[in-house]
*Asks:* 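Below you will find the structure I want to go over with you.
All values below come from the heavy atoms of this structure, side chains included, with hydrogens, waters and symmetry mates left out. For clarity, every value in this text was computed on a predicted model and none was experimentally measured.
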Amino acid sequence: MPRGHKSKLRAQEKRRQARSETQCVQGAQAPGAQEGEPPSSSPLSVDAAPSSSGAGLPQELQGAPPTAPVAGAPSLKKSGKGAKGRRPEKATSSKATPSTESLVKELLRKKAGMLMHYLLYRYKIKEPILKGEMLKIIHKRFRQQFPEILKMAADRVELLFGLEVREIKPGGGSYTLVAKMDSPNIGRSFSGLGFPVNGLLMPLLGVIFLNGNCATEEEIWEFLSVLEIYDGKEHLIFGEPRKLITEDLVNLEYLVYTQVPYTDPPCYGFLWGPRAYVETSKMKVLEFLAQINETVPSAFPSHYAEALREEEERAQAKAAASHGPTSLLT
């Protein structure tokens, strides 16, 4: 890319950043949803959110206790006895069926989140993924649901990190993670990041975009808690999270961490950094969010319109840059 073109892009991103800071001030003073869309600090749907009850630590991954049954969900144990002090509810009402199904799916999603952490942990230490250990993590009562849970976990790992779960030997009960070259994740990798942070940045940029191009620190931590990442708690996969988002990603210019003006007590927020604008776009982030939520970008109408405007601005800037040197020579 010519140096002049890069300078123009950098100047353009600085103007965008200034606009974002203005929006950040407005958002802090009068928070509200964009028209037709509720505010959201999490770009992940329930289906994609790897909520893992204590998964991530090696000791907890080995022989993790069974998850407490969700209230109202049918027991997956083969037992005819009901809970003491409760009368079994009649399953005659058709209205109860969708609710029951959603509770069971939520329970399986949580198990898939636990497996996702295990898959990433084994990949990080370069050790085989063992079916026996995975069954211990989700508990033996979910043995019949294991293929479904593993598929959910594998889909998340592929979507976020571009890694595919493959069986080492058919029927051998051991698996490995390999980079999937045709994964959509390959096309949106960031040059300054390696595994596993490359899979975390896109959702973070999505949180910022969905919150008016400036997400408060509280909104960022709320989203990270969905991934079992907490402020002040060392994470097995991502390390020290505060350093990661306020120093590492800031120093690499993917994020901007700034105090929101005119806030008392001081409020801090996150913006897209100049490097994020260069290496991705609002449309690409919106396409990623749509893929996670199994919908299309236009399902976020106001954000889709904003992303289209940015695409037009980029196309015009590119055209102006390409015609500039030519006109000087002719």
Side-chain angles (χ1 to χ4, degrees), residues 17 20-21 23-34 37-57 60 106 109-110 113-114 116-117 120-121 156 159-161 190 193 196-273 275-276 280 285 288-289 292-293 300 303:
Q17 184 175 322
S20 296
E21 288 175 347
Q23 291 170 332
C24 199
V25 175
Q26 294 171 346
Q29 292 173 341
Q34 295 196 38
E37 296 173 50
S40 171
S41 60
S42 174
L44 300 178
S45 67
V46 176
D47 185 39
S51 176
S52 61
S53 268
L57 298 177
E60 294 181 5
E106 172 63 14
R109 288 171 189 137
K110 288 185 177 182
M114 296 169 70
M116 189 191 81
H117 279 246
L120 295 176
Y121 171 68
R156 295 176 190 179
L159 181 61
L160 289 173
F161 302 100
F190 297 94
L193 300 177
V197 182
N198 61 335
L200 186 62
L201 181 57
M202 204 69 166
L204 283 173
L205 295 176
V207 175
I208 295 170
F209 183 28
L210 292 183
N211 284 281
N213 298 305
C214 176
T216 65
E217 192 168 357
E218 181 181 0
E219 288 165 340
I220 291 292
W221 286 116
E222 182 182 345
F223 158 66
L224 290 175
S225 69
V226 175
L227 301 175
E228 300 290 329
I229 300 173
Y230 302 101
D231 188 11
K233 183 179 179 181
E234 186 85 7
H235 192 273
L236 180 68
I237 304 298
F238 297 102
E240 210 294 300
R242 173 165 287 277
K243 179 179 181 295
L244 174 65
I245 65 174
T246 64
E247 295 181 28
D248 298 344
L249 292 176
V250 171
N251 291 336
L252 288 169
E253 296 189 330
Y254 285 116
L255 296 180
V256 172
Y257 180 59
T258 181
Q259 182 177 339
V260 181
Y262 315 116
T263 55
D264 186 23
C267 174
Y268 291 85
F270 290 86
L271 314 170
W272 282 29
R275 194 167 181 175
T280 189
V285 169
F288 169 75
L289 299 179
I292 283 181
N293 290 282
F300 305 85
H303 295 96

*Asks:* Answer yes or no: is there a donor N or O on one side and an acceptor on the other, between the side chain of Thr263 and the main chain of Pro266, under 3.5 Å?
*Replies:* no
*Asks:* Distance check, rounded to the nearest 0.5 Å: Leu271 atom CG versus Thr258 atom OG1?
*Replies:* 6.5 Å
*Asks:* Between Arg242 and Glu217 (salt bridge meaning N to carboxylate O under 4.0 Å), is one present in this structure?
*Replies:*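 The answer is yes: the pair qualifies as a salt bridge.
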*Asks:* Show the nearest heavy-atom pair for residues Arg156 and Met116, with the distance to one decimal.
*Replies:*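 The answer is CB-SD, 3.8 Å.
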*Asks:* Taking atom CE of Met202 and atom CD1 of Ile292, what is their separation to the nearest 0.5 Å?
*Replies:*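 Those atoms lie 9.0 Å apart.
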*Asks:* Which atom names give the shortest non-hydrogen contact between Trp221 and Ile229, and what distance separates them?
*Replies:*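 So the minimum-distance heavy-atom pair works out to CE3-O, 4.4 Å.
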*Asks:* Identify, with sequence neighbours excluded, every residue that meets side-chain contact (heavy atoms from CB on, under 4.5 Å) alongside Asp248.
*Replies:*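 Listed in chain order: Lys243, Leu244.
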*Asks:* Excluding sequence neighbours, so at least two apart, what forms side-chain contact (heavy atoms from CB on, under 4.5 Å) with Tyr230?
*Replies:* Ser225, Glu228, Lys233
*Asks:* State, to 0.1 Å, how close Phe270 and Ile245 come at their nearest heavy-atom pair, and which atoms those are.
*Replies:* CE2-O, 3.4 Å
*Asks:* Could you go through the side chain to side chain contact (heavy atoms under 4.5 Å, CB included) check for Phe288 and Thr280 one step at a time?
*Replies:* CA-CA 11 Å; Phe288 169 75; Thr280 189; over 6 Å; no
*Asks:* When you measure from the side chain of Trp272 to the backbone of Leu205, do you find a donor-acceptor pair of N or O atoms at a distance under 3.5 Å?
*Replies:*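 Yes; at least one donor-acceptor contact below 3.5 Å.
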*Asks:* Once the angle between the rings of Phe238 and His235 is folded into 0 to 90°, is it parallel (under 30°), tilted (30 to 60°) or perpendicular (over 60°)?
*Replies:*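 Rings of Phe238 and His235: tilted, 30 to 60°.
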*Asks:* Going by the rule side-chain hydrogen bond (donor to acceptor under 3.5 Å, both in side chains), which residues pair with Tyr268 if we only count those two or more places apart in sequence or in a different chain?
*Replies:*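 Counting only residues at least two positions away or on another chain, Tyr268 forms no side-chain hydrogen bond (donor to acceptor under 3.5 Å, both in side chains).
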*Asks:* Just verifying a value: how many Å separate Leu160 CG and Leu201 CG, rounded to the nearest 0.5 Å?
*Replies:*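 Reported to 0.5 Å precision, the distance equals 12.0 Å.
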